[in-house]
Structures are given as C-alpha cells and as structure tokens.
Amino acid sequence: MSWLIPRNELTAEQIRAIELSTSEHKVIFGAPGSGKTQILLHRARYLIDKYNISPDRFHIFVYTNVLKSYIRSALDLLNLPESCVSTLDAWCLNFYRTKISNKVPWDTEANCPDFVSIRKAVFDKICNSKTSMSLYDFILVDEGQDLDSISFKMLSIISKHITVCIDHKQRIYEKGLDEHEILKTLGINKRNITLLDAFRCCPYIVKLGSYFIENEDERNAYIRQSRTEQGERETPLLYYAANFDDEKQKLIELLRIRLAKNEKIGILVPQNRQVFGFAKGLLSAGFNVEWSSKPGEGSYNFNSHQPKILTFHGAKGLTFDTIIIPRLVNKSFQRFNEQEITRLLFVGITRAEKWVALLSNKKNGLPQLYKLNTLAQQGFLTIQENQRTVKLQEEQREIDDNKLLDLL
C-alpha cells in the first residue's frame, strides 16, 4: 500500500493548495502531517494536465536521496516519470558536466564532488548566460527550508514558476533559510497558504512532538492542528535502559511487537556510523532490515514492511507507522548544540503516524528528555525503567535510609 493518498480523499484545503494559480511563485506552509508532499505530487499532475506540459519542462527538487526514493515510490500512481525528481545537488552536478566541464571539483576530505563549489559555478553560469535560461515551466520544492539563497535565486532564473513547501520548525541543516528569507528571495510578500490541519500524526504524537517546539505560540498552534482520531489507546514510550545490552534487547522486543502489527517502522539515529552498527546487530538478531551503506543514499524499498534504519537527516519528509529512536544519550549527539538536538527530536518524532518509542538511560540520557516527565503525569507518555535498575535504586535508597537512622 502506497503512502500517497488519492486526490479524491484529500481535504478541500489541500485541493485549494494543489490548484493555486501560477501568476507568481507560491509558498505553502504546513506542519508535519499536513500533507505537503502529497500536495506537491498532486500539484505536479494538476499543472501538467492544465497547461499540457511535457515531462522535460517541469521538475521536483528534494534535499536528500532518501526522500527522492520515497517520492519515486509513488510516482507511478500519478503517471509521473522517475526522472522528474532529484536532489538539487544531483541536478547541478549534471548541469556542470554538460554545460561547464567534465572535470568536476572534488572534496578530498569527504571523497565526493565538491557540491558547494559546483552549485556556485552553476549559479554563475546561469546568471551570466547571454541566452534565456528558462529551462522549466514549473518547479516544485519539498522541504524548502533546507535550501540556501543561491539555490532559490538559481531556481527563479531557470523556471517560470516555483511552488515551495516549508516548515521552519523542521530546519535541521545549517545553511537553510527561514520563511522571511525564502519569501524575500522569491520576491513575494507572504506565504500563499497555511495548511491548518495535521492529519498524519495521532494526538499523542502531536502532544509529544510539541514539547520540542520552543516558541510557545507555535507550540499551541501545532497542538490545535491535530485532526487525526486516536484509534487504539497507545501512549508513546520513553524507556530508560540499564545499559546498552538492555537497550538492544528492548529494541528487539519492540520490533517484534510492531512487526506483528504489520506496521512500517523507522529506526532513527543521529550518526551515519550508528546506521551500520544497528543494521549489523539487528541482522544478526534475525531481522530483515533495510539500511544504506553510504550516507545520504536512497537504497530503500518504501513499499515494503521491512524496518528502515536511517539518520534523522535522512528521514526528513518520510512517514512511518512507528518510529523507534535508540541511543538518546549525550555521546550520540556530541556534534550538535542544544537547539539542534531539540529540532532533531521534533523531526524524528513527527515521522510517526501511530506510535513512538524513545530509548535512553538515566546515567547519561539527553537532558531534553527530562521535560517529558510532565507529559507522563498527564497520561500522554509512558515512562519505563529497566526493572533491575529500579530494584538496585530501591536497595540503595534503603541503605541510605538505614545510614540516616544510624546517624539519628
């Protein structure tokens, strides 16, 4: 079953976004679960049919190869070609090779093309061209908050019309732009439509995700957006493990339970090396998991129910029934600052439609998790500790109490 919803099942608000005019560039703002990616694909089909546009005169840009694979998995349903979706870096690399030089700038440290230099060279080539560089009738951009100003200026030159979907709360790349900067670069005064309803995430997940939105007004607005009915009453889980082996066993237990429910599962980690580590461990435990051996690559089958192991960045824009986030400890997030960690957790949690499990430990767990105690008291989250840990803590408290009595 595909993640793409048929057009006749979309809301009136989503249809209105699909059918926005092309008189100027359009910016669509929407929280997780509001259907931004759904709208972009259906809008592509709508504009093709309305203006009789050939396949080579439109393009859909995404930020990661994983999201490219995810979107491509549903293109057949709208009779759209796979070639119409790519990352901007891949497009620039192809343009560079065909229009500038076969010798590509190389990043020796990362052992890959120097995409920053390539993008700038392509931008300069397009700006200085003596002929028209209007290559497309329309361009659609998903997760637009992750692109920089050069990218938007370049897209404005090569296309007559741009529709971009954004949510600044999900900006987790350093060079991305905020909404005001995107509007200014595109030459428009305000966003054209705000998707007010979040249909994907159940209320428990919305409530959990809201704890990682720092702005109070935005947090309250996000909570009010939830329109998904809660089916099975199942609260998200925060599990404090005794050690890594205990955490691993809990992950295995949860995977078996969710797979028995025939759910699509995403396992999210902050670092690329952890993707390989968890894949190796789960394969040895007998799980048929999918993972990519190369950072940012999109070798996943999104029509299968095999659990997917990805980084937070790789999971941008994706949807799963269940999200499990292990290793929520300080060591895993050393290269991120406090605000970046908060945004990563928001993005990770809101990839889920039905259920979320957070795995950590009390000794060096992320401090951002401690604020969730209030959520548990309100009945929106279940917090569990390894029983052996609880028993040892109780024994230690009893010893401390006895010492206190002796002193008295």
Check: T322/R258 side-chain N/O donor and acceptor closer than 3.5 Å: yes
Within the supplied structure, the quantity of interest is the number of heavy atoms (other residues, nucleotides, ligands) at a distance under 6.0 Å from N189 CG; does it exceed 12? no
Got a donor-acceptor contact below 3.5 angstrom from the K264 side chain to the F302 backbone? yes
To the nearest 0.5 Å, atom CD1 of I39 lies from atom OG of S34 at 6.5 Å
Determine, stepwise, if the pair S149 / T185 fulfils side-chain hydrogen bond (donor to acceptor under 3.5 Å, both in side chains). CA-CA 7 Å; S149 59; T185 305; 5.7 Å; no
Can you classify the ring geometry of W3 versus Y70 as parallel (below 30°), tilted (30 to 60°) or perpendicular (above 60°)? parallel
Looking at N79, I want to see if its CG is surrounded by more than 12 non-hydrogen atoms of other residues, nucleotides or ligands under 6.0 Å. no
Which is it for T37 and C165 under the side chain to side chain contact (heavy atoms under 4.5 Å, CB included) test, yes or no, and what are the steps along the way? CA-CA 8 Å; T37 304; C165 286; over 6 Å; no
Please report the interatomic distance CG(L255) to CZ(F287), rounded to the nearest 0.5 Å. 5.0 Å
Between Q271 (side chain) and S332 (backbone), is there a donor-acceptor pair under 3.5 Å? yes
Donor-acceptor pair, side chain of H59 and main chain of S159, under 3.5 angstrom: no
Is the NZ or CZ atom of K308 both under 6.0 Å from the centre of the six-membered ring of Y300 and within 45° of that ring's axis? no
May I ask you to decide whether R119 forms a salt bridge with D148, counting only side-chain N to carboxylate O separations under 4.0 Å? yes
Would you name the heavy atoms of K250 and L359 that are closest together and state the gap between them? CG-CD2, 4.2 Å
Do side-chain atoms of H161 reach the backbone of E24 as a donor and acceptor pair under 3.5 angstrom? yes
So E181 and K184, salt bridge (charged side-chain N to carboxylate O under 4.0 Å, His left out) or not? Walk me through it. CA-CA 5 Å; E181 292 169 324; K184 182 179 178 180; over 6 Å; no
For the atom pair CG (L369) and NZ (K362), what is the distance rounded to the nearest 0.5 Å? 10.5 Å
Would you call K363 and E247 a salt bridge, using N to O less than 4.0 angstrom? no
Determine whether the side chains of D217 and N220 contain a donor N or O and an acceptor N or O closer than 3.5 Å. no
Test side chain to side chain contact (heavy atoms under 4.5 Å, CB included), reference I341, set L328, N330, L366, output is L366
Spell out, as yes or no, whether a donor-acceptor pair under 3.5 Å connects the side chain of E385 to the backbone of Y240. no
Taking the six-membered ring for Trp, is the centroid-to-centroid distance between Y222 and F346 below 6.0 Å? yes
Just one of L268, T319, I205 clears the side chain to side chain contact (heavy atoms under 4.5 Å, CB included) bar with R351, so which one? L268
Heavy-atom neighbours of Q339 CD exceed 12 at 6.0 Å: no
Between atom CD1 of I71 and atom CG of L41, what is the distance when rounded to the nearest 0.5 Å? 5.5 Å
Checking side chain to side chain donor-acceptor pair (under 3.5 Å) against K316, which of T311, D146, T64 comes through? D146
Are more than 12 heavy atoms from other residues, nucleotides or ligands located less than 6.0 Å from atom CD of E338? no
Any ion pair linking K169 and E218 (charged N to carboxylate O, less than 4.0 Å)? no
Note: R219-E216 ion pair, threshold 4.0 Å (strictly below): no
Is K371 close enough and on-axis enough to Y211, meaning under 6.0 Å and within 45°, for cation-pi? no
Using a 3.5 Å distance criterion without hydrogens, assess whether the side chain of S129 forms a donor-acceptor pair with backbone atoms of K125. no
Hey, could you give me the CD1/CD1 distance between I323 and I267, rounded to the nearest 0.5 Å? 9.0 Å
Keeping the roles fixed (side chain from R72, backbone from V85), state whether a donor-acceptor pair exists under 3.5 Å. yes
Can we say K120 and D124 salt-bridge, meaning some charged N sits less than 4.0 Å from an Asp/Glu carboxylate O? yes
Nearest 0.5 angstrom please: N192 CG to L20 CG, how far? 6.0 Å
Keeping to residues at least two apart or across chains, list the salt bridge (charged side-chain N to carboxylate O under 4.0 Å, His left out) pairs with something in residues 45-57. R45-D49, R57-D137
Angle class for the H313/F336 ring planes (parallel below 30°, perpendicular above 60°, tilted otherwise)? parallel
